[in-house]
Each structure stands twice: as structure tokens, then as C-alpha cells.
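Values below: all heavy atoms of this structure, side chains included; hydrogens, waters and symmetry mates excluded. Bear in mind that the values here come from a model prediction, so they are computed numbers and not experimental data.
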Amino acid sequence: MSQLPKQPAEVSVPTSADVARLAGVSRATVSYVLNNNATVRISEPTRHRVREAATQLGYVPHAAARSLRAGHSRLVLLPSGHIPAGPLHQHFFQELQAGLRRLDYTVVQYGSAGLADDEAVRAWAELRPVAVVVPPGITLTPHGTEILTRSGAKAVITLGPEPVEGAHGLVMDQRQVGASAIGHLLARGRRRIGVVMPREAGLTPFSEPRLAGARRTAEPAGAHISPLPLHYEEESAAELAHRWPELGLDAVFAYNDEYAMLLMRALQDAGVAIPGDTAVVGADDLLLGRLLRPRLSTVRMELAMPDPLAETIDRLVHHPGTAPVHHDLLRTSAVHRESS
């Protein structure tokens, strides 16, 4: 007869009472120390002893219990979307998460792929976050904002080209990127300008406003703008470069530095002189673009926050009901190098 495998003994979960006994303090003191409560004066040796005891026992505070005591969670939800992989956004979100952690918030990234707009919002609301930061590329409707607010979110913040009714908005107007690129090319005497439109999923919320900004800037100068669909593939770039003579373009704004480098190599392989025949401008100011020959002209982008976003979120959490505010964050400037 076969025997069932032995079941592991039940693991004993350490409690705050265990930490208090080992440290020789009250459970209240353990709570104050491990929850970083600065309103109660506790000596540094006592704080050290409590932390040492918690480490020795493998104890961590219970997030749900802490939320019940506080009346709200410390969870800030960051839905994941098609965020461009450029240094601007990477640095922004790294700083945001580090700042929230310093303020004792827990940042949770939530994958929303495959969910419709309001379905995604309801899934976020189930976690009862105290704040939600909606990145570019994810659609939040006024109804979605209401769902989150009713579920207990004290701050709903959107990052994108347009503010959303009922939510705080950090506006990154991508039209400025296109406008800066085209303004630079116009100053270089270019008038027949292509604008690369990536065919990759998720980039339309960025590429369409950049095209709009390009057109808005080109029109008063009598310049002509031609949208150029392009996959981020060598074959797609080579096919576009092969058609270049018939397009009659003397410049191209290639959406960003990565697409610019892809297209520039294909154009050079096809015998198109850069910048003699065609000037090329990207965006993001990547280091790799400065290592090319010719060096890549680009649009440099910066985010001008009035205050660190983590501190803004903390302030909104402590003062819920604040009327929605909108800040225009994006600052752009063209950087002239050899490719234009």
C-alpha cells in the first residue's frame, strides 16, 4: 500500500506580540516603530531593538490590518500601459516610486492588458487603493474616475495629453514635441517634411498629437507634412527608404530617436545623403544618437513638476476632496546636431 507523503508542519506566523516580547516593549510601541509613526517620541535604541526583533522573527506588519486602523490603505496603484521606454518616462516613474516609498506608501503595478476601460477601473477599485496614477496610453473616463473615488481612492491622477474630468491631471502635451521638431527643420530651410507614424500598438496616443503639432507649426510657413507609417523593423525601414526618391521629402521627423536611427541607417543604405538630401530629427535625446555619424538632431524633453509627484499625492490623500488641478508638465527644446 502506498503511503501519502508527509505534510509539512504548519508554519507559525510571527505576530506583533512576539516582537514585543522579544524586544521587551509593548505592542503599541512595536506598531509605532514599524509603521514609522513620528507623532510618538520613541528613543532610537528602542526603535533599533524593535526592528532587530522583527528581523529576527521574520515579522512584517499586516497591510490590511494597518489599513483598517488608518481608515484607508497605503496602496498607490500604478496601472501598466504602453509607456514609451524613453529615459524621460523611466526616470519619472522611478522617482515617483522611490518618493512614495519614502513616504511609507506601497506602490503596486497592475497589468490591465485585455480589459476594457471600465472593466480595468473596476479591477483597480477592487484593491481599494488610496491613490491611482494612470499613465499615458491608458484611457480613463469621468465615469471611471467616479468609480475609483467611490471605492475610496482619495487621489486619482492622470498623465497624458489631455486632462480627464474629475481627476487631477499632469498634462504632457505631445504636440509640443512635433512642434519643436518641425520648428527646427523650418529654421534649417526644410519645407517638405515627413513625419514617422509608428505602427506598433500603444503608440498612437503619442504619435497622433506629435503629428498634429507638426502640422500646426508647418502650416503658417507653407511647409508640407507627409505622414509616414513605419514598423520598427529593418525590412519596413528599407521599404520606406526605397520609395524615398518618389516621396520628394527634404526632411523627416522620425517620432523618436530609435525610429530615427532605424530610418537613417536605411536611408544611408539606399544612397540618401544625410543631411544633404534629407535632414533627420528624432526625440528623447538618447546617448546612442550622439554616437552616430552623422550625430542625430533631436528634441529634448523635460518634465517641470511644481512639486515632487509623491509629495503631491501625499498632500491629496490627506486633503481629499480638493478640486482637480491640472499642470502642464512637458518642456521641449530642439537640439541641433549633424543630421539636420
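- Looking at heavy atoms from C-beta onward, Leu75 lies out of side-chain contact with Val130 at the 4.5 angstrom threshold.
- A 6.0 Å sphere centred on NE2 of His326 holds more than 12 heavy atoms belonging to other residues, nucleotides or ligands.
- When all heavy atoms of Ala218 and Ile225 are compared, the closest pair comes out as CB-CG1, 3.6 Å.
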Show me the donor-acceptor pairs, under 3.5 Å and distance only, between side chains in residues 93-100 and residues at least two apart or in other chains.
none

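- Taking the side chain as every heavy atom from C-beta outward, Ile147 and Trp124 never approach each other to under 4.5 Å.
- Atom NE2 of His327 sits about 15.0 Å away from atom CG of Leu330, to the nearest 0.5 Å.
- At a threshold of 4.5 Å between non-hydrogen side-chain atoms, the residues Val13 and Thr15 do not count as touching.
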Exercise for review: Check the pair His224 / Ser226 against side chain to side chain donor-acceptor pair (under 3.5 Å), numbers first and verdict last.
Suggested key: CA-CA 7 Å; His224 177 71; Ser226 298; 3.2 Å; yes
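- Atom CG of Leu329 is separated from atom CG of Leu159 by 7.5 Å, given to the nearest 0.5 angstrom.
- For the residue pair Leu186 and Ala223, the shortest heavy atom distance occurs at CD2-CB, 3.6 Å.
- Judged purely by atom type and a 3.5 angstrom limit, Arg192 uses its side chain to pair as donor or acceptor with the backbone of Gly248.
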Point to revise | side chain to side chain contact (heavy atoms under 4.5 Å, CB included) between Asp328 and Gln176, intermediate numbers included | key: CA-CA 11 Å; Asp328 185 3; Gln176 296 182 45; 3.7 Å; yes
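- Pro320 and Val317 get closest at one heavy-atom pair: CD-O, 3.5 Å.
- Side-chain contact between Thr145 and Leu140: present, with at least one pair of heavy atoms (C-beta onward) separated by less than 4.5 Å.
- A salt bridge does not link Glu311 to Arg102: none of the charged nitrogens lies less than 4.0 Å from a carboxylate oxygen.
- Side-chain contact check for Ser333 versus Val299: every heavy-atom pair is 4.5 Å or farther apart.
- Looking only at side-chain heavy atoms (C-beta outward), Tyr59 and Asp18 stay at 4.5 Å or farther from each other.
- Of all heavy-atom pairs spanning Leu77 and Pro129, the tightest one is CB-CB, 3.9 Å.
- Hydrophobic clustering of Ile, Leu, Val, Met, Phe, Trp and Tyr side chains at less than 4.5 Å, counting indirect connections, keeps Val171 apart from Val132.
- At distances below 3.5 Å, not a single donor-acceptor pair connects side-chain atoms of Ser236 with backbone N or O atoms of Tyr232.
- Geometrically, Arg210 engages Tyr255 in a cation-pi contact defined by less than 6.0 Å to the ring centre and at most 45° from the axis.
- No more than 12 heavy-atom neighbours from other residues, nucleotides or ligands sit within 6.0 angstrom of CD on Glu302.
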**Study point:** Trace of the side chain to side chain contact (heavy atoms under 4.5 Å, CB included) decision for Leu247 with Leu228
**Key:** CA-CA 10 Å; Leu247 296 175; Leu228 303 173; 4.1 Å; yes
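- Shown here is Glu200, whose CD atom has more than 12 heavy atoms of other residues, nucleotides or ligands within 6.0 Å.
- The closest donor-acceptor contact from the side chain of Arg27 to the backbone of Ser31 lies at 3.5 Å or more, if one exists at all.
- Across all their heavy atoms, Gly276 and Arg190 have their closest contact at O-NH1, 4.1 Å.
- A distance-only check finds a donor-acceptor pair linking the side chain of Arg74 to the backbone of Leu103 [under 3.5 Å].
- Distance alone, capped at 3.5 Å, places no donor-acceptor pair between the Thr278 side chain and the Ile274 backbone.
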Review point. Checking side chain to side chain contact (heavy atoms under 4.5 Å, CB included) for the pair His318/Lys154: CA distance, chi angles, key distance, verdict?
Key: CA-CA 8 Å; His318 287 93; Lys154 298 180 184 297; over 6 Å; no
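- Across every non-hydrogen atom of Ala241 and Pro245, the tightest pair is O-CD, 4.0 Å.
- Partner of Glu239 under the side chain to side chain contact (heavy atoms under 4.5 Å, CB included) criterion, chosen from Glu235, His242, Arg243: Arg243.
- Ionic pairing of Arg290 and Asp285 is present here: one or more N-O contacts between side-chain nitrogen and carboxylate oxygen are shorter than 4.0 angstrom.
- Val335 and Tyr259 are not part of a single hydrophobic cluster, where members link through side-chain heavy atoms under 4.5 Å apart.
- Not a single donor-acceptor pair under 3.5 Å links the side chain of Arg331 to the backbone N or O of Leu303.
- The main-chain N or O of Arg191 is found under 3.5 Å from a side-chain atom of Asp250 such that the two form a donor-acceptor pair.
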Practice item. Evaluate the salt bridge (Lys or Arg N to Asp or Glu O under 4.0 Å) criterion for residues Arg175 and Glu208: first the C-alpha distance (whole Å), next the side-chain angles of each, then the deciding distance (0.1 Å), finally the verdict. Key: CA-CA 8 Å; Arg175 290 174 298 184; Glu208 289 287 355; over 6 Å; no
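- Residue Leu292 holds its CG atom at 10.0 Å from CZ of Arg337, rounded to the nearest 0.5 Å.
- Atom OG1 of Thr158 is separated from atom CD of Glu165 by 12.0 Å, given to the nearest 0.5 angstrom.
- Taking 4.5 Å as the limit, some side-chain heavy atom of Val25 sits within range of a side-chain heavy atom of Arg49.
- Checked against the 6.0 Å centroid criterion, the rings of His336 and His184 qualify as a close aromatic pair.
- Put simply, CG on Asp314 and NE2 on His319 are 9.5 Å apart, with the number rounded to the nearest 0.5 Å.
- Of the possible polar contacts, none joining the Asp284 side chain to the Leu286 backbone as a donor-acceptor pair under 3.5 Å is found.
- In this structure, CE on Met197 lies 4.0 Å from OG on Ser207, to the nearest 0.5 angstrom.
- Counting only distance, with no hydrogens or angles, the side chain of Asp277 and the backbone of Val272 share no donor-acceptor pair below 3.5 Å.
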Point to revise | side chain to side chain contact (heavy atoms under 4.5 Å, CB included) assessment of Arg215 paired with Glu219 | key: CA-CA 6 Å; Arg215 284 175 165 156; Glu219 185 176 351; over 6 Å; no
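- Checked by atom type and distance alone, the side chain of Ser339 pairs as donor or acceptor with a backbone atom of Ser297 at under 3.5 Å.
- In this structure, Thr29 and Ile42 have side chains that are in contact, with non-hydrogen atoms separated by less than 4.5 Å.
- Hydrophobic clustering, with ILVMFWY side chains joined whenever heavy atoms are under 4.5 angstrom apart, keeps Leu309 apart from Val325.
- Remark: Glu146 pairs with His143, Arg150 by the side chain to side chain contact (heavy atoms under 4.5 Å, CB included) rule, at least two apart or across chains.
- With sequence neighbours left out, the side chain to side chain donor-acceptor pair (under 3.5 Å) criterion links Arg295 to Glu338.
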